[in-house]
Every structure is written in C-alpha cells, then in structure tokens.
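Below, chain A is the first sequence line, B the second, and so on; all start at residue 1. Predicted model only: the values in this text are computed from it and were never measured.
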Amino acid sequence: MSREWPLWEIFVRGRRGLSHVHVGSLHAADAQMALRNARDLYTRRQEGVSIWVVPASAIMASSPEEKDPFFDPAADKIYRHPTFYTIPSEARHL
Amino acid sequence: MSEERFGQAIAADQRIEPRDWMPEAYRATLIRQIAQHAHSEIIGMQPEGNWITRAPSLRRKAILIAKVQDEAGHGLYLYSACETLGADRADLLDMLHSGRQKYSTIFNYPSLTWADVGAIGWLVDGAAITNQVALCRCSYGPYARAMVRICKEESFHQRQGFESLNALAHGTPGQREMAQDAVNRWWWPSLMMFGPQDDKSPHSAQSMEWRIKRHSNDELRQKFIDMTVPQAEVLGLRLPDPELRWNPARGHYDFGAIDWAEFRRVVSGDGPCNRQRMEHRVAAHDGGRWVREAALAYAAKLRQRGNGHHGGRPDQEEAVA
Amino acid sequence: MTEQPALASYALRLGDDALILSQRLSEWISRAPQLEEDVAMANIALDLLGQARTLLTYAGEVEGMGRSEDDLAYFRDDRQYRNLHMVELENGDFAQTIARQLAFSSYQLEMYLALRRSRDETLAGVAGKAVKEVTYHRDHATQWTLRLGDGTEESRRRMQAGIERVWPYVDEMFRSDPLEQALAADGLAVDARELRPGWDEYVGAVLRQATLTRPQTRTAPGGGRQGLHTEQLGYLLGEMQYLARSHPYSRW
C-alpha cells in the first residue's frame, strides 16, 4: 500500500442546470475526506454546489490518437505516464 | 506520427492534454516548472503567514488568512496539474525537501515588519501576476487551466498589498518609515524574480518554442517595472534605484544594474532564510506523518468493513451544501 | 440606543471565544500535516474571525462607549477578556487541536442553534449564519477524531491524550451566571446549562465510535467569563496585540 494518500479527481456542478465539470485533483485517504477537501479547495463552500469525487485509478480513458480504433480493448488510464500505475512490490527494476 | 501531431498542435497554438504524445524533454521541463511553481506557493505561505497572528487590525488579519489560504490552494492546483504528467506529489515534495527542486528565491528573504506584508503583496504578487497572465496561454492544458483559476483568485492579492502599503505610506511618520524601509528591501529581489537576463538563459529558447514560456525574462521584467513605477508615485514611496527614469525614446523606464551575484548566492542556498524556510516545511511534513498514516489506516479499516463508499449512483446524491 | 452593559458583556463572551480560537487555529497555517489541512484550518479560522468581528462590533455598539472591534480586540488586557479557558489552551499536536475542536465546536453549535431564537436581531442573525459554519467545523473535528482514534496505535494514543488534556475544561463551557440567566430569561441569551445534554450525547457517541475512552478527570476551576484566565492567554495576547499597541491611534 502506498504510504501517501491516493489521488482523486474532482467534478463540480456550480449551478443547477449545468453538468459536472472536471476541476482538478487532490489527495485524500478516503471518500469522505476527499469530498470535504474538494469543498474547501474548489468551491470555498458555496451552497447548492454538487461535488463528485472519483479515485483517479477508477477512471478509464479513450486514446486521443485519431488513428487508434475507438473500441480499443485495452482501455487505458487517464494519465499516460507509467509512474501513475501501481507496481507490485515483487516487480523489480521498474 | 504522434510527433508530427505534437508539432502541429504547438504551431497552431492548441493545447497539449495529458494523454497526448509529447517529447520526453517537454514533459520533464513542464514537471520541473510546474512543480517549482507549486513549491513557491507553499513556501510563500511562510513569510506572509508569519504575520497572521500579529496583524494590527481584525480586517487585515482576515485578509491575510484568506490570502495565505489561497496560496495553499494554488499550490494544490499546481501539484494537481503536475500529477497529470505522471509525477507523484509525494515524490515532488521529496525533491523540494532534498533541494533537488527549487522554489522562487524571493521567499528566501525575511518578512521583518508588517509593512513587508504589504510590499510582498504589491511587488512580489505584482511580479508573479505579470508572469502568470502569460502562462494562462501555456501550451499544456492542465497548467494553463490551473493558471486561469489562479489568476482569478490572485487579483485581490496585489490590490490588498497595495492598499495596506498605501495606508502606511499616508499614515503616521512611524508607519511611513516602515513602508519605505520594506520597499527598499523588496524592490530589487522582486526584479530578480523574472530570472537571469535573456542572454544568460540557455533553456529559454526551447521553452519559448514549445510555448511553455510565452515572453522572455527581460520583456516581463520591463513590463513589471513600467507598471509599478507609476504605482509607487501614487503611494508616495521611493523605489531604491537612482537610475530609474522614463526613457521617451524607448517608451520604457530605464533602470539600474541588478546585483546578479546576490541572485546567485540566494539561489545556491546562501540567502537569509533558505535554511529556515526548508526546516519549517520539512518539520510540518515529517511532524504530520503519523496523521497521514492514521488516515490511511482508517481508510483501510473502512474498506475491510465494506463501507468505504456512500453507495448509490452519483446522480441520486444530495447536493453537498 | 440605550447602553446595555449586560448584553455587551454577553456578546463579548461569545466574540472572545471565537477570536481566541481563531488565533490558535491560525498558528497551524503552514504547519498542518497535509496541505489540504492548511486550507481547512484557515477556513475554520476565517469563519471564527468573522463571527468575532460581528460580535465585538456589536458589543461595542451596545456598550455605548465608542469602542470599535479593534479597540476591543487590541486594547483590552487579559483580565478584561471573557473567553472560556478551552479556547486559549495551547494547540499541542494535531490530535490535541482536534480534541479541542470536537469539544468546543460541539458546544458552540448547540449554543448557536439555541441563539437563533434570541429576541435580539443581531445575535439571532449571527447565530443563523454561524450554525452553517459550525456544523462544518464540528463535522471536520468528528471526522478527524474517528480517523485518529481508530487509525493507528500511535494516533489512538495521541488522540486519547488530547481528549484527556482538554477534558478538565469542558464543565466551564456549561456554567452559567446571573448575568447570563437574566438575559436568557429575557429571551436574549442562551443558558449554557441547557446545552450539556445535547453535547454529552453527541460527543459521547463520537468517542465511542472512535474507540476512545471518556476521561474521568478533575474539573479545572475556570473563571474565564469573569476575566480569570490561564497563564497562556497573556502570551497569546502579547503576540496578537503588540504591533497595534506600538502604534496607537494609527490606521491600517
């Protein structure tokens, strides 16, 4: 297990009638704390605002490359670079 | 193939997003620049944060808390942007704490009086804004978006610094002297914030080509000076440069020589507060480790007990009011 | 407006609680265990400062001697401050700060909930706004009490120690006196004794869920409402006030 708090992506709906929009990310140990921190950081506690927090590792992304088939069976992480993935502790030299 | 797309996007002034192909050097340069920007925000909390408990009026205290809180928030937005490039915040903090990554040298100067808080707001934030507006059009999407958010929040910081100094400059003789002394000490370091002169900046050309950097150091420094000199006149405070004067032929203010030896000394660790700023930062981080570990241990227990989530679909949730 | 010294005193008590605690929490800014907590602490400190400013300003108006919020904050000595001992305690480690937050926010929320019904428009208004803020403060303290109490062995040890440190100062929060009781009888103030059962229930539940033990400590003598403080307040005020006092009759 990582010794630091995992990464969460934050989506905020600023007003009724709008959709949730991605605003950034933060670190929290669990979902409740992520929601609280997101409120402090991204909404300064405005009333009536709705916040979604999602573990960054749970988000699947399509590839932006136009030549890649959209329905790529290897659906991938949102961030391209390998440091983002959890490396099992047994695997060395990674 | 992707390399061509990258080049085309840059040439067309489009944004590069996290999953786009990018040259490794582009990625490395951005990680370093964004991280150092984030580190600057959090180290910057110290010289101003120093005065929260001593602010001389409740209104000033409230303004200062809000400002320093914003700086923490800005650091968080920037770490967030940096993480989209595959960097991990914990690693970035390690690099800050070990000195492998730097922060803006301006924060290695001490905030000796209340007037310093105003001077920092006026000059240091003024310089930062001059830089930041340009970064809102940086080629890397997450960084540009973080900068837009930061610029929106930053607008009140500089105004408040100016207002505070203005009250001092037009106050009692003691207050006026305090204000002038602070300006005397913060002017030259603020000019150094824009970095070395263009002909001494080897990496600038590549950064400009990749549209990470949109204006040169000298350009931005001149812009800042041109903007600030008239403001000093409104304040009725002298800027400590006898060679500062309007040059009608150039359409800009001429100014005196910057002491680059001092700049190099402070950058390399010999400024007045380098050690203290780092010790403070490391103490907070190390001292808080047991707290962070406790939160993780609790989260693990929640998962074991099967109630790590609220459950239900997001669109059925109540507004978090 | 006719001078109302009793009402002024009462507003000052509530205002001083908020001001002194805001000052203590500000000490955490740039020192918190995680950047996200620097933001959270600053938020709470700002909310409390806002409450303090409104209450101190009102106390000055009602007192009728022309004193502003700053006159009251910066030019009263510690024997004239009317805050509870709970809020002037040193921060200690993060667990002790959270323990103090749990104890005080829970009291303050009960108090503001009741104060919303005050016949005094200003006090009712302050209370109405503060209820939203302090609900959040209490929730923050609760979440952290759970995480520290039920986290690691070290965090539980520290959280228990934090609770033990602040517990002697709990009783004082629920003491009343003739000044307060007279105002409460007039529908203006809240009798603090009435707040205890609600507080006991809430805090008791949190401690249980956090696997912490309710302490059996002696009660400290108190006296904050009468201007008798711990030795800590003098140092806190020294830091807070020295600059303003060095430049009297100045504007900032």
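What you find for B/A294 and C/T152 is that their closest heavy atoms are CA-CG2, 4.0 Å. Between B/A284 and C/S30 the shortest heavy-atom distance is CB-O, 3.9 Å. Shortest non-hydrogen contact noted between C/G151 and B/K301 is O-NZ, 3.2 Å.
Of the listed residues (C/Q143, C/M41, C/E36, C/E37), the greatest number of heavy-atom pairs within a distance under 4.5 Å of chain B belongs to C/E36. Contact count versus chain C (heavy atoms, under 4.5 Å) is highest, among B/Y298, B/W114, B/Y79, for B/Y298. Residue with the most contacts toward chain C among B/A55, B/G174, B/A283, B/G171: B/A55 (heavy-atom pairs, distance under 4.5 Å). Of the listed residues (C/L56, C/D93, C/V39), the greatest number of heavy-atom pairs within a distance under 4.5 Å of chain B belongs to C/V39. Per-residue counts of heavy-atom pairs under 4.5 Å with chain B were compared for C/M240, C/E154, C/R53; the largest is that of C/R53. Here C/D150 is the residue among C/I29, C/L243, C/D150 with the most heavy-atom pairs under 4.5 Å with chain B. The choice from B/Q175, B/H170, B/E71 that makes the most heavy-atom pairs within less than 4.5 Å of chain C is B/Q175. Chain C forms the most heavy-atom pairs under 4.5 Å with one residue out of B/A72, B/G49, B/S57, and that residue is B/S57. Here B/L76 is the residue among B/L93, B/I42, B/L76, B/L168 with the most heavy-atom pairs under 4.5 Å with chain C. When C/Y249, C/W144, C/W28 are compared by the number of non-hydrogen pairs under 4.5 Å with chain B, C/W144 comes out ahead.
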I'd like to know whether B/E293 forms a side-chain contact (heavy atoms from CB on, under 4.5 Å) with C/S155, so could you lay out the CA-CA distance, the side-chain angles of the two residues, the decisive distance to 0.1 Å, and finally the verdict.
CA-CA 9 Å; B/E293 284 172 356; C/S155 72; over 6 Å; no

Can you check side chain to side chain donor-acceptor pair (under 3.5 Å) on C/E239 and B/T53, steps first, answer last?
CA-CA 7 Å; C/E239 186 176 341; B/T53 53; 2.5 Å; yes

Show, in sequence, the C-alpha distance, side-chain angles and deciding distance for C/S26 and B/I65, and conclude whether the side-chain contact (heavy atoms from CB on, under 4.5 Å) test is met.
CA-CA 8 Å; C/S26 300; B/I65 295 175; 3.7 Å; yes

If you apply the rule side-chain contact (heavy atoms from CB on, under 4.5 Å), what do you find for B/K61 with C/Q23, and how did you get there?
CA-CA 10 Å; B/K61 194 194 283 284; C/Q23 183 77 356; 2.7 Å; yes

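Surrounding CZ of C/R157 are more than 12 heavy atoms belonging to other residues, nucleotides or ligands, all under 6.0 Å away. Within a 6.0 Å sphere centred on CD of B/E177, heavy atoms belonging to other residues, nucleotides or ligands number 12 at most. The number of heavy-atom neighbours closer than 6.0 Å to OH of C/Y235, taken from other residues, nucleotides and ligands shown, is 12 or below. Within 6.0 Å of atom CZ in C/R245, more than 12 heavy atoms from other residues, nucleotides or ligands are found, so the atom counts as buried in its surroundings.
Checked by atom type, the side-chain pair B/T172/C/H247 shows no donor-acceptor distance below 3.5 Å. B/Q69 and C/N43 share a donor-acceptor pair across their side chains, judged by distance under 3.5 Å alone.
Of the atoms belonging to B/L58, heavy atoms from both backbone and side chain fall under 4.5 Å from chain C. Heavy-atom distances place both the backbone and the side chain of C/F94 under 4.5 Å from chain B. In this structure, no portion of C/A52 lies under 4.5 Å from any heavy atom of chain B. Contact annotation for C/L236: neither backbone nor side-chain heavy atoms come within less than 4.5 Å of a heavy atom of chain B. Using a 4.5 Å cut-off between heavy atoms, B/R54 contacts chain C through both its backbone and its side chain. For a residue to count as touching a neighbouring chain, one of its non-hydrogen atoms must lie under 4.5 Å from one of that chain's; by this rule C/R31 touches chain B with backbone and side chain alike. Only the side chain of B/R89 comes within contact range of chain C, judged by heavy atoms closer than 4.5 Å. Proximity to chain C is limited to the side chain of B/V68, based on heavy atoms less than 4.5 angstrom apart. C/A32 touches chain B through its backbone: at least one of N, CA, C or O sits under 4.5 Å from a heavy atom, while the side chain does not.
For the pair C/R158 and B/W290, the distance from NZ or CZ to the six-membered ring centre is under 6.0 Å and the angle to the ring normal is within 45 degrees.
Residues C/W252 and B/R59 form no side-chain contact, since every pair of their non-hydrogen atoms from C-beta on lies 4.5 Å or further apart.
Between the NE2 atom of B/H285 and the CG atom of C/L35 there is a distance of 10.0 Å, given to the nearest 0.5 Å.
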